Amino acid sequence: MKETGGLPFMKNLQATVTLNNGSEMPWLGLGVFRVENGPEAAEAVKTAIVNGYRSIDTAAIYGNEESVGEGIRQGMKAAGISREDLFITSKLWNDDFGYTSGIQAYGTSLKKLGLEYLDLYLLHWPVDGKYKEAWKALEHLYMDGQVIAIGVSNFQIHHLEDLMKDADIKPVVNQIEYHPRLTQEKLLAFCRDNGIQVESWSPLMAGEALEQPELKEIAAKYDKSVAQIILRWNLQNGVVAIPKSTNERRIVENSQVFDFELAEEDMGRISALNEDRRVGPDPDNFDF
Ligand SMILES: NC(=O)C1=CN([C@@H]2O[C@H](COP(=O)(O)OP(=O)(O)OC[C@H]3O[C@@H](n4cnc5c(N)ncnc54)[C@H](OP(=O)(O)O)[C@@H]3O)[C@@H](O)[C@H]2O)C=CC1
Ligand SMILES: O=C1CO[C@H](CO)[C@@H](O)[C@@H]1O
């Protein structure tokens, strides 16, 4: 494989970033939102693991934890790896934001997944008036050794500042919508300054970004697909990415982003596509 001179820390699909609690998280993982609980979810997870993925991102609200667990077991067996080689994330859904309910929901997710622990457990959305109590539940799970790391998702700067005022443990990760149309630079800088790793959801804009003419032009220049260009742009910005696919060819394609490097000029061209445009809900104005 060609050396990526500027980025010696991201050599391949198993390359990890060290989180603020010392644990290691792969730079790239598989997302499984909108994948029904059943053979398709299990197959996608197994396919990803067999093709070298080590990180899987699910959530209680996706309703597919059982099949994701099945895929994990099949994938480990087929790839000849063990649980410690994987990084599994799930998320506490908003309805369970409370101390006792948060702890119980974690147990339910583990049971559905058939796992003894998660590598990362996230608060799914910053539910007003509830996220601090829910965070206490995650802190308990962490202090009790039941989970390797805890973090948040969809938190804006003001949510993070408010949470960290009272928290005993800092979130390791903030998983946010992030793609060339939504670069959230202030939030990224805040997370960087506070040692919180940013992770991108809908990195491909749920598919919408793939027809963008400027991205197509850059893709042609590097002889890569638009998806690969976007994912590489994520990594070079220091952002972990979890693209979703249930198609084997695209699962593999999305993983082939460690053998080339985008020039500064092209990184800038991609970032300049920002329009502060979301494909998902606004963390300051959601009603679920
Ligand atoms: N924390 C949060 O609030 C949220 C978290 N997430 C997480 O982030 C993950 C990724 O986000 P998601 O919204 O799924 O969207 P993505 O941006 O990952 O896009 C997924 C879509 O792009 C298609 N696709 C994937 N790879 C390629 C490719 N190489 N070429 C062409 N098309 C491709 C997929 O279709 P196909 O499967 O047919 O390949 C699918 O339609 C989720 O699955 C979930 O785990 C998502 C939303 C919110
Ligand atoms: O992960 C998720 C996928 O999208 C859903 C609705 O848009 C959200 O509930 C959730 O954040």
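Note that ligands are numbered from 1 as they come in the structure, with each ligand's atoms numbered from 1 the same way. Nothing here was measured: the structure is a model prediction, and the numbers come from that model.
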Among all protein heavy atoms in this structure, tell me which lies nearest to atom 45 (O) of ligand 1, with the distance rounded to 0.1 Å.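 For this ligand atom, the closest protein heavy atom is D57 OD2, 2.7 Å.
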Looking at ligand 1, does any of its N/O atoms fall within less than 3.5 Å of an N/O of [X]?
X: S225; value: no
X: F33; value: yes
X: L204; value: yes
X: V32; value: yes
X: N154; value: yes
X: S200; value: no
X: K91; value: no

Please, which pairs that meet side-chain hydrogen bond (donor to acceptor under 3.5 Å, both in side chains) have at least one residue in residues 185-198, sequence neighbours excluded?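 Counting only pairs at least two positions apart or across chains, the side-chain hydrogen bond (donor to acceptor under 3.5 Å, both in side chains) contacts touching residues 185-198 are T183-E185.
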According to side-chain contact (heavy atoms from CB on, under 4.5 Å), who are the partners of L187, at least two apart in sequence or on a separate chain? Q156, I157, L160, N174, I176, Q184, C191
Can you list, by chain and residue number, every protein residue with a non-hydrogen atom closer than 4.0 Å to ligand 2?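 Heavy-atom contacts below 4.0 Å: F33, Y62, W93, H124, W125, P281, F288.
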For R277, which residues count as a salt bridge (Lys or Arg N to Asp or Glu O under 4.0 Å) partner, sequence neighbours excluded?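 Result, salt bridge (Lys or Arg N to Asp or Glu O under 4.0 Å) vs R277: E208, E275.
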Heavy-atom proximity to atom 15 (O) of ligand 1 ranks first, among S245, P281, A206, for A206
Ignoring hydrogens, just give me the one of Q256, E253, Q228, K244 whose non-hydrogen atom is nearest atom 14 (O) of ligand 1.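 The option holding the nearest heavy atom is K244.
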Does a side chain donor of either S55 or W27 reach within less than 3.5 Å of an acceptor in the other side chain? no
